[in-house]
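Lettering follows sequence order; numbering is per chain, from 1.
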Protein chains: 2
Amino acid sequence: MPSHEFQSHDHSHCVSDAMNAALLHCEKNSLKFTPVRQRVFEILLSEHKAMGAYDILEILAKEGMGSQPPVVYRALDFLGTHGFVHKIEKLNAFVACEHPGSDHDPAFMICRSCTKVVEMEGSPNSEISTAAKSMGFEVEAIVVEAEGLCPTCQDTE
Amino acid sequence: MPSHEFQSHDHSHCVSDAMNAALLHCEKNSLKFTPVRQRVFEILLSEHKAMGAYDILEILAKEGMGSQPPVVYRALDFLGTHGFVHKIEKLNAFVACEHPGSDHDPAFMICRSCTKVVEMEGSPNSEISTAAKSMGFEVEAIVVEAEGLCPTCQDTE
DNA sequence: GAGGGCTTGATATACTATAACAGTTCATAT
DNA sequence: ATATGAACTGTTATAGTATATCAAGCCCTC
Ligand SMILES: [Zn+2]
Ligand SMILES: [Zn+2]
Ligand SMILES: [Zn+2]
Ligand SMILES: [Zn+2]
C-alpha cells in the first residue's frame, strides 16, 4: 500500500476507518461520543488538512450546533485526549489522526504549498528520545513537525 | 564539559558567548543590531527559559524602550531570522539560541516542572528526514520539541 | 425522584500576532 | 550638500487563538 495521503487515494476509506475506530473505542471505554464531538471529528476527517478551531466553529455554527469557541475547543480537547485528533503546533490547527487505536507520539509532514498534512508512519523519534535520555531528560511527549513540499507540489513548482 | 544547561552552571558564559557571537555576526554581515534588538536578546539570554512576547514587552516598556507589540515582534523576527533566537511552537514563546553561528534545525527539551528549555546537541532529526524522504517529501524545516522532566526535577518529584 | 457527574450554552475575557501608516535615521548617489 | 531611498521605530487599530466562569440540561444510579 504505497499510496499515501499526499497522493490521490480512496479517501472514503480514510474517513470510514477512522470513524469506525473511534466509535469502537468509545463504545469499549464508555466514552460519550456526542453529536458535537462526532461532527467535529467528521469535519476534520473530510480532508488531510489542518483546520483552525474557528474554521471548524464556523461550520458548526452554520449547522446550528453551537456558535461559541468553548464548544469547539471542548470537542477538540475530548478528541485529542482520546487520540482521535492531533494539534499541529506550528499551525495552531488540528488534524484527524491517521493511526487510530495505537497510542503514539505523532510526527507530521506539512506541505507549505497545498497545505496537506500527513502523519508519518512509525513515530520516527527514537533518535530524539535517545539524545534526550543521554542528558538525563525524561521525555513524556514529543512534537515533530516537518514543513516542506509534498511529492505533488515539488513537480508543479 | 558534561555540565549542560539544566544543571547549575556558570551562566555568565552562556550570556557573553551568545552576545559576542551575535555582535560578531552582525558586524560581519552589516546587520543593524539596534538597542531594542540587543535588549530583547539580553532579556532572552537571562535564563534558559522561553518567554512570551508580551513578557518581554513588559520589561521593555518599564525601561522605556517601546510599549507596543510590534516593537517586540519585530525584534524577535530579526533575531529569529538571523538565528539568535528560536520560537518554541508548543509554548508560543521564544528562547535564545544555544548554538550561535551554526545554521541548524533546533531540537528542544522542555521541562514541564521548572520550565527550563534546553537545545539538544547535533539536531537529532536525521531519522525524521529519512522517513520523510522515503515518502518523497522534501523537508525545509523541522520542529522538534520534547516535553518532560529534566534531571533535577525528576529527583525532586 | 433526589443527587451527582458530565456535557452544553453563553458571556466575558485573556493571550498571541499582524496590518497599516507616520515619522525618523542613516547610508548612498548624484 | 542635498536628494533619495531603505530600514528601523512609534503608534493605532484589529485579527486570530484560547480559556475562565457560571448557568442550565441530560443521564445514570442510588
Ligand atoms: Zn484520505
Ligand atoms: Zn495519530
Ligand atoms: Zn546558561
Ligand atoms: Zn539554536
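Under the 4.5 Å side-chain criterion, counting only non-hydrogen atoms from C-beta, B:Leu60 is in contact with B:Val36. Two residues are said to be in side-chain contact when any heavy atoms from C-beta on lie closer than 4.5 Å; B:Val143 and A:Glu89 fail this criterion.
If you look at B:Phe84 and B:His25, their ring centroids are closer than 6.0 Å. Taking the six-membered ring for Trp, B:His86 and B:His99 have ring centres at least 6.0 Å apart.
Between the side chain of A:Ser129 and the backbone N or O of A:Asn125, at least one donor-acceptor pair lies under 3.5 Å.
Contacts between residues 58-75 of chain A and DNA chain C, counted as heavy-atom distances below 4.0 Å, involve A:Gln68, A:Pro70, A:Val71, A:Arg74.
In this entry the distance linking CG of A:Leu91 with P of D:dG16 reads 15 Å, nearest Å. Computed from coordinates, the A:Leu79 CG to C:dT7 C1' distance equals 14 Å when rounded to whole Å. Regarding A:Glu89, its CD atom lies at a distance of 13 Å from the P atom of C:dT16, rounded to whole Å. Here C:dA17 presents its P atom at 12 Å from CG of B:Leu57, a figure rounded to the nearest Å. Separating the CZ atom of B:Phe78 from the C1' atom of D:dC8 is a distance of 11 Å, rounded to the nearest angstrom. The CG atom of B:Leu76 sits 11 Å away from the C1' atom of C:dA17 (whole-angstrom rounding). If you take CG of A:Leu31 and C1' of D:dC27, they are 16 Å apart, rounded to a whole angstrom. Computed from coordinates, the B:Asp77 CG to D:dT9 C1' distance equals 14 Å when rounded to whole Å.
For A:Lys87, a side-chain nitrogen or oxygen approaches OP1 or OP2 of D:dA18 to under 4.0 Å. Here A:Asn92 reaches the OP1 or OP2 of D:dA18: one of its side-chain N or O atoms lies under 4.0 Å away.
The only option from A:His4, A:Glu98, A:Lys116, A:Glu5 that meets the side-chain hydrogen bond (donor to acceptor under 3.5 Å, both in side chains) definition with A:His48 turns out to be A:Glu98.
The ring of B:Tyr54 lies on top of the base of C:dT16, close enough and flat enough: under 5.5 Å between centres, under 30° between planes.
Atom CZ of B:Arg39 is separated from atom CD1 of B:Ile43 by 4.5 Å, given to the nearest 0.5 angstrom.
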